[in-house]
Asker: 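Before I ask anything, here is the structure I am working with.
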Amino acid sequence: FPPLISEVRPHFGPGDIDTPERCFGWLLYTDNIQLFFPNRFLHTLMLKLAHKLCLPDQNHDAIIPVNNRQCKVWRCGISWNNVKGVTTVIELMKESRCLFLLMSFPDPKYCNELVPVLQIIKDTLSQFSPSIPATEYIVDPSKASSVFTQGCSLD
């Protein structure tokens, strides 16, 4: 399993996550400089997301092969496409103080794909890091892809 994890973030091409009208960005941030999200939280989160959302659903096996989902895992993040064409990227940034979620939707009707992702993140956080005071932020869609490419900033 470890050889399958890249040290660096994969490249995302034009159209993957750079269309503001179709992007949603969300941050979970801790302002306390002494506190950060532990690696155990990130590793567990990545495994839960991969198991629940990246692996094929029994009903969709014939529709899209597993390798077409393009699940990518790197040192501090995970991304995947689902059968509806929704691209999801989650990465721990800013010295492990910021968890960034970026989703790109081919159609607004798929915005409900956000709910299970946020639920898994919040459940995992409450299980592994309940004492970390974290604040949620919605990222302006026109800035969502730049936050992802340039790093987490609350400016």
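Just so you know, residue 1 is the first one in the sequence shown, and it goes up from there.
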Asker: Does Leu35 have any side-chain contact (heavy atoms from CB on, under 4.5 Å) partners at least two apart in sequence or in another chain, and if so, which?
Answerer: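 Only Thr30, Asn32, Pro133 meet the side-chain contact (heavy atoms from CB on, under 4.5 Å) criterion with Leu35.
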
Asker: How far does OG of Ser104 sit from OH of Tyr110, to the nearest 0.5 angstrom?
Answerer: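 If we round to the nearest 0.5 Å, Ser104:OG and Tyr110:OH are 13.0 Å apart.
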
Asker: Report the residues that fulfil side-chain contact (heavy atoms from CB on, under 4.5 Å) with Asn112, sequence neighbours left out, ordered by chain and then residue number.
Answerer: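 Testing Asn112 for side-chain contact (heavy atoms from CB on, under 4.5 Å), a comparison that skips the adjacent residues, returns none.
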
Asker: For the residue pair Cys23 and Leu102, establish whether any side-chain heavy-atom pair is separated by less than 4.5 Å.
Answerer: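 A side-chain contact under 4.5 Å exists here.
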
Asker: Is there a side-chain contact between Leu101 and Thr88 in this structure, where contact means two heavy atoms from C-beta onward sitting under 4.5 Å apart?
Answerer: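 They are in side-chain contact.
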
Asker: Within the structure provided, determine whether Trp80 and Ile90 are in side-chain contact (heavy-atom separation under 4.5 Å).
Answerer: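 Sidechains of Ile90 and Trp80: in contact.
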
Asker: May I have the step-by-step check of side-chain contact (heavy atoms from CB on, under 4.5 Å) for Leu99 and Tyr29, ending in yes or no?
Answerer: CA-CA 6 Å; Leu99 184 71; Tyr29 191 81; over 6 Å; no

Asker: Output every pair passing salt bridge (charged side-chain N to carboxylate O under 4.0 Å, His left out) with a member in residues 96-105, not counting sequence neighbours, ordered by first then second residue.
Answerer: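 Listed once each, the pairs would be none.
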
Asker: I'd like to know if the side chain of Asn82 and the backbone of Val86 have a donor-acceptor N/O pair within less than 3.5 Å.
Answerer: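 Looks like yes, one N/O pair under 3.5 Å.
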
Asker: With sequence neighbours left out, write down each residue that passes side-chain hydrogen bond (donor to acceptor under 3.5 Å, both in side chains) with Glu136, or none if nothing qualifies.
Answerer: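 Residues passing side-chain hydrogen bond (donor to acceptor under 3.5 Å, both in side chains) with Glu136: Trp26, Lys122.
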
Asker: Does some side-chain heavy atom of Phe24 sit less than 4.5 Å from a side-chain heavy atom of Val139?
Answerer: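 A side-chain contact under 4.5 Å is absent here.
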
Asker: Does Phe36 CZ have over 12 foreign heavy atoms under 6.0 Å away?
Answerer: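 Result for CZ/Phe36: open.
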
Asker: Any salt bridge (charged side-chain N to carboxylate O under 4.0 Å, His left out) pairs touching residues 108-118, not counting sequence neighbours?
Answerer: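 Counting only pairs at least two positions apart or across chains, the salt bridge (charged side-chain N to carboxylate O under 4.0 Å, His left out) contacts touching residues 108-118 are Lys84-Glu113.
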
Asker: Table please: side-chain donor-acceptor pairs of residues 40-49 below 3.5 Å, with sequence neighbours left out.
Answerer:
from	atom 1	to	atom 2	distance (Å)
His43	ND1	Asn39	O	3.4
Thr44	OG1	Arg40	O	2.8
Lys48	NZ	Gln127	OE1	3.0

Asker: Please assess Val117 against Met103 for the test side-chain contact (heavy atoms from CB on, under 4.5 Å), listing each intermediate value before the final yes or no.
Answerer: CA-CA 10 Å; Val117 175; Met103 294 184 83; 4.2 Å; yes

Asker: Look only at the side chain of Thr124 and the backbone of Ile120, and say whether a donor-acceptor pair between them is shorter than 3.5 Å.
Answerer: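 Answer holds: yes.
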
